[in-house]
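As structure tokens, the structure follows; a few thoughts come after it.
Quick caveat, the model's predicted, so the values are computed rather than measured.
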Amino acid sequence: MFSRFSRAARRPTSPELVTAWERLDAGDVPGALRLLRQADAAPLEEVALVVGRAAATAGFDDLRTAASALSAHPDRPQALYDYGYACVERGVSHLAIPALREALRLTGSVAVLRELVSAYEDEGRHRDAADALLAHEAVLADWPDRYLLVYNALLAGDLEQARHRHALLPGPDEDLWHGAHDRLNRMLRRAACALEAGALDGTDLRGWQFVMGGTVLGTLSPYGFDAGMTGRFAWLHDTHGQCLAGLVRLRAVRDAAGVRARSVSLLPDRDSRILGLAAAEVLGLPAEPFEAGRQDTVVVAYDLGATAGDPRGAAALEQLRERVPGQVLHEHAGCWTDPPPVAADSVTLLHQSAVAPWAGGLRQGADGGVEQGDADPRPEEEIAASVVAADPEPDEGDGRTPADPVEGVAAFVTAVRDAWLRGDRDAVRSTGPVGSSRFL
């Protein structure tokens with residue numbers, strides 16, 4: 001009884017873990033877990049104490065049990081693996097990585113290796129995933145292991161390694177892997193096209209966005225390019241002018257690709273209907289409610305993540321996974337930290353968090369404090385007219401983003417036109433090779 005009580009009363013001693021423990025005292029589970037990102041060097045048994053307590057608070061009994069076992073036996077491979085597996089399943093893959101690395105060191109097990117690769121992929125650490133696979137090449141099977149090596153090498157930006165390994169990879173024997181094999185083939189075909197259009201290096205956000213999903217990126221953020229954002233937005237309060245600039249670039253994409261659309265299709269959520277009505281004016285096309293089988297149409301979404309949150313929007317996106325001939329999906333504001341379930345053909349900008357111009361965003365109140373603003377109550381048609389009448393000139397930003405004229409987007413589309421018109425789109429849940437400050 002005494003020893004059981006002693007284990008229950010244990011507390012971490014590492015300074016960063018003590019702070020995380022205090023966050024749990026205050027009921028701040030997310031804050032405690034964020035602090036654990038900075039505790040890679042802390043003893044695993046102490047990290048597990050914090051994770052176990054957080055899991056108990058959240059009602060995650062599987063993770064609580066696994067963390068308790070690891071804190072008691074940090075040298076047992078099974079305890080390390082079970083804890084790592086539970087962390088991945090509960091969406092905290094960064095916590096799984098140290099435990100799975102140690103389990104792999106102790107066992108050399110391919111099952112542990114695969115779970116570690118899964119955790120690295122969740123965290124966008126594709127270089128680490130590829131290196132882990134290369135270090136255990138002797139135990140790799142073609143499927144899934146050597147496929148995972150090609151995939152992670154590609155998403156790490158190591159195109160030479162990916163091409164070399166892909167040439168040696170036989171087709172899968174099991175139907176389970178045919179979809180993954182096809183996706184990899186598509187990504188490598190798009191990479192060959194993107195190389196004709198740009199450098200495809202660690203700063204070529206437009207090129208890698210196309211490689212990963214087949215999506216043409218319209219604009220680059222004018223802020224923080226050399227501070228880790230590389231053309232992405234972090235927190236964005238959108239403007240009517242920025243919406244119009246995106247539609248002007250959509251028109252340039254359409255013209256460069258030779259798309260002959262006959263209508264604009266309006267998705268059911270309010271943000272998308274507003275932008276769709278503006279797009280119809282800019283593109284000189286009639287606007288119609290979305291129908292899944294309509295060909296030769298531009299389907300316009302403001303933010304596909306928000307569309308997916310609308311019951312009717314979610315049904316429409318499910319129908320857009322396989323597009324009919326001439327059906328082009330354009331998204332204005334694409335979330336790069338939580339990509340939507342369907343890859344667009346074009347996207348104006350990439351954001352971490354965005355507020356539409358007509359939504360009730362934060363503003364400065366009369367007393368100098370911050371308050372929630374009111375949403376624009378006007379009819380959708382009037383707001384769309386405000387978008388069309390806006391100034392589309394780009395924000396000059398901090399002056400550190402490379403020049404990105406509309407002619408550059410058109411030239412990119414011209415270079416990748418054949419691959420883009422194939423319509424092969426892939427929803428890849430990764431930021432890819434271009435560096436990012438993911439948690440700004």
> Is any NZ, NE, NH1 or NH2 atom of the basic residue among R163 and E160 found under 4.0 Å from an Asp or Glu carboxylate oxygen of the other?
Replying inline: no
>> Against F290, only a single residue in L266, L267, V264 fulfils side chain to side chain contact (heavy atoms under 4.5 Å, CB included); can you say which?
In response: L267
>> Would you say that more than 12 heavy atoms from the other residues, nucleotides or ligands in this model lie under 6.0 Å from the CD of E89, or not?
In response: yes
>> How long is the straight-line distance from CZ of R270 back to CD1 of I383, given to the nearest 0.5 Å?
In response: 4.5 Å
> Y85 and D62: side-chain hydrogen bond (donor to acceptor under 3.5 Å, both in side chains), yes or no, with the steps?
Replying inline: CA-CA 10 Å; Y85 182 88; D62 56 337; over 6 Å; no
> If we only count heavy atoms from C-beta on, is the R206 to V409 side-chain gap below 4.5 Å?
Replying inline: yes
>> Testing the 3.5 Å rule here: is there a donor-acceptor pair between the side chains of R378 and S386?
In response: yes
>> Side chains of V50 and L36, heavy atoms from C-beta outward: is any pair under 4.5 Å?
In response: yes
> How many angstroms lie between atom CG of L247 and atom OG1 of T348, to the nearest 0.5 angstrom?
Replying inline: 6.5 Å
> So L329 and L304, side-chain contact (heavy atoms from CB on, under 4.5 Å) or not? Walk me through it.
Replying inline: CA-CA 10 Å; L329 175 60; L304 287 171; 4.1 Å; yes
>> With heavy-atom distances below 4.5 Å as the criterion, would you say the side chains of Y151 and V117 are in contact?
In response: no
>> Measuring only between side-chain heavy atoms, which start at C-beta, is W208 closer than 4.5 Å to T431?
In response: no
>> Please check: side-chain N/O of T57 versus main-chain N/O of R53, any donor-acceptor pairing under 3.5 Å?
In response: yes
> Nearest 0.5 Å, what's the OH-CG distance between Y83 and L44?
Replying inline: 7.0 Å
>> Run E174 and W143 through side-chain contact (heavy atoms from CB on, under 4.5 Å) and show every step you take.
In response: CA-CA 9 Å; E174 300 179 59; W143 291 89; over 6 Å; no
>> Quick check: closest heavy atoms across L421 and A257, and the distance to 0.1 Å?
In response: CD1-O, 3.6 Å
> Do Q209 and L350 have side-chain heavy atoms sitting under 4.5 Å apart?
Replying inline: yes
>> Distance check, rounded to the nearest 0.5 Å: L317 atom CG versus R321 atom CZ?
In response: 8.0 Å
> Would you call R312 and D269 a salt bridge, taking side-chain N to carboxylate O under 4.0 Å as the test?
Replying inline: no
> When rounded to the nearest 0.5 angstrom, what distance separates CZ in R323 from OG1 in T297?
Replying inline: 12.0 Å
> Going by atom types alone, do Y223 and D395 pair a side-chain donor with an acceptor below 3.5 Å?
Replying inline: yes
> Okay, side chain of S118, backbone of R114: is any donor-acceptor separation there less than 3.5 Å?
Replying inline: no
>> Looking at every non-hydrogen atom in both residues, tell me the closest pair between A256 and A410 and how far apart they are.
In response: CB-O, 3.6 Å
>> If I compare all heavy atoms of P341 with all of A427, which pair ends up nearest, and what's the gap?
In response: O-CB, 3.6 Å
> Aromatic rings Y147 and W177: how do their planes relate, parallel, tilted or perpendicular, breaks at 30° and 60°?
Replying inline: tilted
> Do H332 and D238 pass the side-chain hydrogen bond (donor to acceptor under 3.5 Å, both in side chains) test, and can you show the C-alpha distance, the side-chain angles, and the key distance before you say yes or no?
Replying inline: CA-CA 10 Å; H332 175 69; D238 206 358; 2.7 Å; yes
>> Quick one: does any side-chain atom of S263 pair with a main-chain N or O of S265 as donor and acceptor, under 3.5 Å?
In response: no
> Side chains of D201 and V434: does their closest heavy-atom pair fall under 4.5 Å?
Replying inline: no
>> Is the ring pair H181/H166 parallel, tilted or perpendicular, if the boundaries are 30 and 60 degrees?
In response: tilted
> Side chain of W336, backbone of F233: donor and acceptor closer than 3.5 Å?
Replying inline: yes
>> Let's go through Q352 and R232 carefully: what are the C-alpha distance in whole Å and the side-chain angles of both, what is the deciding distance for side-chain contact (heavy atoms from CB on, under 4.5 Å) to 0.1 Å, and is it a yes or a no?
In response: CA-CA 8 Å; Q352 187 169 349; R232 304 175 179 94; over 6 Å; no
> Any donor and acceptor pair, going by atom type alone, linking the side chain of R190 with main-chain N or O of F210 inside 3.5 Å?
Replying inline: yes
> Going by an N to O cut-off under 4.0 Å, is there a salt bridge joining D398 and R400?
Replying inline: no
>> Using the rule given for side-chain contact (heavy atoms from CB on, under 4.5 Å), can you reason through L236 versus L349, listing the C-alpha separation, both sets of side-chain angles and the distance that settles it, and then say yes or no?
In response: CA-CA 10 Å; L236 170 69; L349 57 88; 3.7 Å; yes
> Are side-chain heavy atoms of D28 and P30 found at a separation under 4.5 Å?
Replying inline: yes
> So, H351 versus D303: side-chain donor-acceptor pair below 3.5 Å or not?
Replying inline: yes
> Would you find a donor on one side and an acceptor on the other, under 3.5 Å apart, between the side chain of W420 and the backbone of T414?
Replying inline: no
>> side-chain hydrogen bond (donor to acceptor under 3.5 Å, both in side chains), that's the test. Do S346 and H330 meet it? Break it down for me.
In response: CA-CA 5 Å; S346 72; H330 171 74; 2.6 Å; yes
> Does the distance from a Lys or Arg side-chain N to an Asp or Glu carboxylate O, for E137 and R165, drop under 4.0 Å?
Replying inline: yes
> Is R254 reaching over with its side chain to a backbone N or O of L283, donor-acceptor style, under 3.5 angstrom?
Replying inline: yes
>> If you compare all heavy atoms of L275 against all heavy atoms of Y302, which two are closest, and at what distance to 0.1 Å?
In response: CD2-CA, 4.0 Å
>> Under a 4.0 Å threshold between the charged nitrogen and the carboxylate oxygen, would R37 count as salt-bridged to E123?
In response: yes
> Would you find a donor on one side and an acceptor on the other, under 3.5 Å apart, between the side chain of N152 and the backbone of L148?
Replying inline: yes
>> Under a 4.0 Å threshold between the charged nitrogen and the carboxylate oxygen, would R429 count as salt-bridged to D122?
In response: no
>> For the backbone of A111 and the side chain of S109, can you confirm whether one donor and one acceptor N or O come within less than 3.5 Å of each other?
In response: yes
> Going through the checks in order, is the salt bridge (charged side-chain N to carboxylate O under 4.0 Å, His left out) test met by R262 and D296?
Replying inline: CA-CA 6 Å; R262 294 181 294 180; D296 300 325; 3.6 Å; yes
> Should D345 and R425 count as an ion pair when the cut-off is N to O under 4.0 Å?
Replying inline: yes
>> Could you measure the distance from the CZ atom of R146 to the CG atom of L140? Nearest 0.5 Å is fine.
In response: 5.0 Å
> Of the non-hydrogen atoms in F412 and G207, which two are nearest, and what is the gap between them?
Replying inline: CE1-CA, 4.0 Å
> Is D131 paired with R127 through a side-chain N to carboxylate O contact shorter than 4.0 Å?
Replying inline: yes
> Any ion pair linking D426 and R183 (charged N to carboxylate O, less than 4.0 Å)?
Replying inline: no
>> Has E331 got a side-chain atom pairing as donor or acceptor with A301's backbone, closer than 3.5 angstrom?
In response: no
>> Do R249 and T219 pair up side chain to side chain, a donor and an acceptor below 3.5 Å, judged on atom types alone?
In response: no
> Closest heavy-atom contact between E16 and A39?
Replying inline: CG-CB, 3.6 Å
> Got L104 and R101 here, is their nearest side-chain heavy-atom distance under 4.5 Å?
Replying inline: no
